[in-house]
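Inspection log for the structure reproduced underneath, given as structure tokens.
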Amino acid sequence: MAKRSKVPAKRSPAAPKVGAGELHTLFDYLRYAVSRFNAAKLVFAHGTTDPVAEAAFLITETLHLHPDQFENFATARVTISEGKQILDLIERRIATRKPAAYLVNKVYMRGLPFYVDERTIVPRSFIGELLDSHFGGDEDGTSLIGDPAEVESVLDLCTGSGCLAILAARHFANADVDAVDISKDALEVAARNVADHGLEDRLTLHRGDLFKPLGDSTYDLIISNPPYVDAEGMAALPRECRAEPKIAFDGGADGLDIVRRLLDEAKQHLTPQGGLLCEIGRGRDNVEAAYPNLPLLWLDTEDSEGEVFWIAAADL
């Protein structure tokens with residue numbers, strides 16, 4: 001029997017040789033990185049949404065700058081040693097297809113840095129923005145929960161790296177925060193972030209399946225960015241996303257395995273004036289079909305429309 005020839009795996013285009021002195025400024029390296037990323041057809045969904053933002057992120061991280069400082073130094077010259085580091089990081093992003101956050105072990109949310117690695121999903125939730133835009137004081141009448149200073153307890157379910165729990169602790173200055181995840185690995189990352197932000201006295205991590213490790217505790221606010229990708233979406237995940245823990249994505253056939261449990265169980269863990277804030281990605285149609293009688297309030301952000309819902313405890 002004739003042997004079948006092996007089909008060679010597709011490889012990224014070879015990196016062009018960059019001579020010493022050809023690239024000078026941060027802008028030069030930005031342009032080069034964007035061109036390389038476009039040629040390699042990378043996917044961007046892990047804290048940055050386009051090749052320009054991702055290139056700027058990697059360049060500033062290499063140079064120990066905050067991403068917001070890129071424009072301040074855009075025309076500054078890069079040393080030969082720094083340039084080599086930047087070029088190496090660009091090529092590793094292309095060769096490995098790993099999210100940029102894993103390559104530098106950092107992601108920014110609401111301007112704050114958080115540690116991440118392959119033990120947890122790269123955080124990119126819209127909930128952090130919504131805490132700022134919809135949970136302020138009542139002066140403008142837009143707050144969903146009244147005065148943030150009166151919030152005494154917050155729960156973050158499926159906390160992953162702990163970013164949302166930390167943002168909630170900073171936003172609700174008088175609240176104690178519980179954060180739950182089923183993954184021991186993710187909680188190790190979360191513990192590092194809690195310590196980095198000095199919140200060990202107000203933020204408690206729990207390992208377990210949703211509400212199970214919490215007993216009969218109740219909260220003024222429950223937030224969650226649970227696994228919500230449906231079977232079709234799981235099959236189509238780009239290579240970058242497949243580098244992340246599958247458990248953090250997989251929401252079952254219709255994406256609602258965890259969301260259903262949240263909606264069915266949240267009421268008994270909410271104070272009478274509390275509510276649930278939950279991100280479900282593109283699953284709005286499935287949620288509304290499964291719960292046609294629930295008065296869900298869909299909230300938009302700068303980069304999303306109808307991917308997060310709010311429901312008051314009284315309406316559950």
Side-chain angles (χ1 to χ4, degrees), residues 114 119-121 123 125 127-128 130-131 135 144-146 148-195 197-228 245 247-252 255-280 287 291 294 296 308-316:
F114 296 94
R119 290 174 292 176
T120 182
I121 191 173
S125 175
I127 288 176
L130 290 170
L131 292 179
F135 293 85
L144 294 173
I145 204 166
E150 296 179 356
V151 175
E152 298 179 349
S153 55
V154 177
L155 170 62
D156 177 25
L157 291 173
C158 308
T159 193
S161 57
C163 298
L164 290 181
I166 290 168
L167 290 176
R170 292 172 61 91
H171 188 78
F172 302 104
N174 296 321
D176 290 322
V177 180
D178 284 337
V180 180
D181 205 285
I182 200 169
S183 167
K184 177 178 178 291
D185 288 341
L187 288 175
E188 289 174 354
V189 176
R192 175 169 177 166
N193 283 317
V194 171
H197 288 269
L199 289 168
E200 300 99 319
D201 60 333
R202 292 180 49 220
L203 202 165
T204 304
L205 300 173
H206 304 265
R207 185 184 179 193
D209 185 10
L210 296 183
F211 297 102
K212 289 183 179 179
L214 302 171
D216 57 0
S217 299
T218 58
Y219 301 88
D220 296 324
L221 173 65
I222 297 175
I223 61 176
S224 185
N225 182 23
Y228 55 66
I247 192 175
F249 288 103
D250 194 351
L256 301 185
D257 282 3
I258 304 300
V259 177
R260 282 191 181 88
R261 292 180 57 195
L262 291 174
L263 286 169
D264 294 345
E265 300 173 27
K267 186 176 181 64
Q268 59 186 306
H269 293 280
L270 283 168
T271 58
Q273 303 305 313
L276 168 66
L277 185 67
C278 182
E279 186 164 334
I280 49 80
V287 172
Y291 295 88
L294 282 185
L296 302 174
V308 182
F309 68 77
W310 162 262
I311 185 165
D315 293 323
L316 280 167

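Contact check for Ser125 versus Cys163: no side-chain heavy atoms found under the 4.5 Å cut-off. When side chains are defined from C-beta on, Leu221 counts as touching Phe135, because their heavy atoms get closer than 4.5 Å. Between Leu214 and Tyr219, some side-chain heavy-atom pair lies under the 4.5 Å cut-off. Contact check for Ser161 versus Phe114: no side-chain heavy atoms found under the 4.5 Å cut-off. Contact check for Cys158 versus Ile182: no side-chain heavy atoms found under the 4.5 Å cut-off. Residues Leu294 and Asp315 form no side-chain contact, since every pair of their non-hydrogen atoms from C-beta on lies 4.5 Å or further apart. A heavy-atom distance below 4.5 Å is not found between the side chains of Leu155 and Leu270. Pro226 is listed as a side-chain neighbour of Val259, based on a closest heavy-atom distance under 4.5 Å.
Under the salt bridge (charged side-chain N to carboxylate O under 4.0 Å, His left out) criterion, Arg261 pairs with Asp209, Glu265, sequence neighbours left out. The side-chain contact (heavy atoms from CB on, under 4.5 Å) search around Arg202 returns Ala169, Asp176, Leu199, not counting sequence neighbours. Remark: Ala149 pairs with Asp147, Asn174 by the side-chain contact (heavy atoms from CB on, under 4.5 Å) rule, at least two apart or across chains.
Considering CG of Leu316 and CG of Leu296, their distance stands at 8.5 Å, rounded to 0.5 Å. Interatomic distance, CZ of Phe309 versus CD1 of Ile280, reported as 7.0 Å (0.5 Å rounding). Note that the CD1 atom of Ile311 and the CG atom of Leu144 stand 12.0 Å from one another [nearest 0.5 Å]. Atom-to-atom distance recorded for Arg170:CZ and Leu203:CG is 12.0 Å, nearest 0.5 angstrom. A distance of 9.5 Å separates CD1 in Ile166 from CG in Asp156, rounded to the nearest 0.5 Å.
Contact detail for Gly128 and Leu164: the closest heavy-atom pair is N-CD2, 3.8 Å. Closest heavy-atom contact between His206 and Asp178: NE2-OD1, 3.2 Å. Across all their heavy atoms, Leu262 and Cys278 have their closest contact at CD1-SG, 3.9 Å. Across every non-hydrogen atom of Ser183 and Arg119, the tightest pair is OG-O, 4.4 Å. Of all non-hydrogen atoms in Ser224 and Ile127, the two that sit nearest each other are O-CD1, 3.4 Å. Here the closest non-hydrogen pair linking Asp257 and Gly252 is OD2-CA, 3.3 Å.
Using a 4.0 Å cut-off between charged side-chain N and carboxylate O, Lys184 and Glu188 make a salt bridge.
More than 12 non-hydrogen atoms from other residues, nucleotides or ligands lie less than 6.0 angstrom from CD of Glu200. Remark: Asp216 CG is loosely packed, at most 12 non-hydrogen atoms of other residues, nucleotides or ligands lying under 6.0 Å away.
Classified by interplanar angle (parallel below 30°, tilted 30° to 60°, perpendicular above 60°), the ring pair Phe211/His269 is parallel.
A donor-acceptor contact closer than 3.5 angstrom links the side chains of Tyr291 and Asp264. Counted by atom type alone, Asp220 and Thr271 present one or more donor-acceptor pairs between their side chains at under 3.5 Å.
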Start with the C-alpha gap between Leu276 and Leu263, add the side-chain angles, then the distance that decides, and say whether side-chain contact (heavy atoms from CB on, under 4.5 Å) holds.
-> CA-CA 8 Å; Leu276 168 66; Leu263 286 169; 4.0 Å; yes
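Checking Val180, Asp181, Asn225 one by one against Leu157, the side-chain contact (heavy atoms from CB on, under 4.5 Å) holds for a single residue, Val180.
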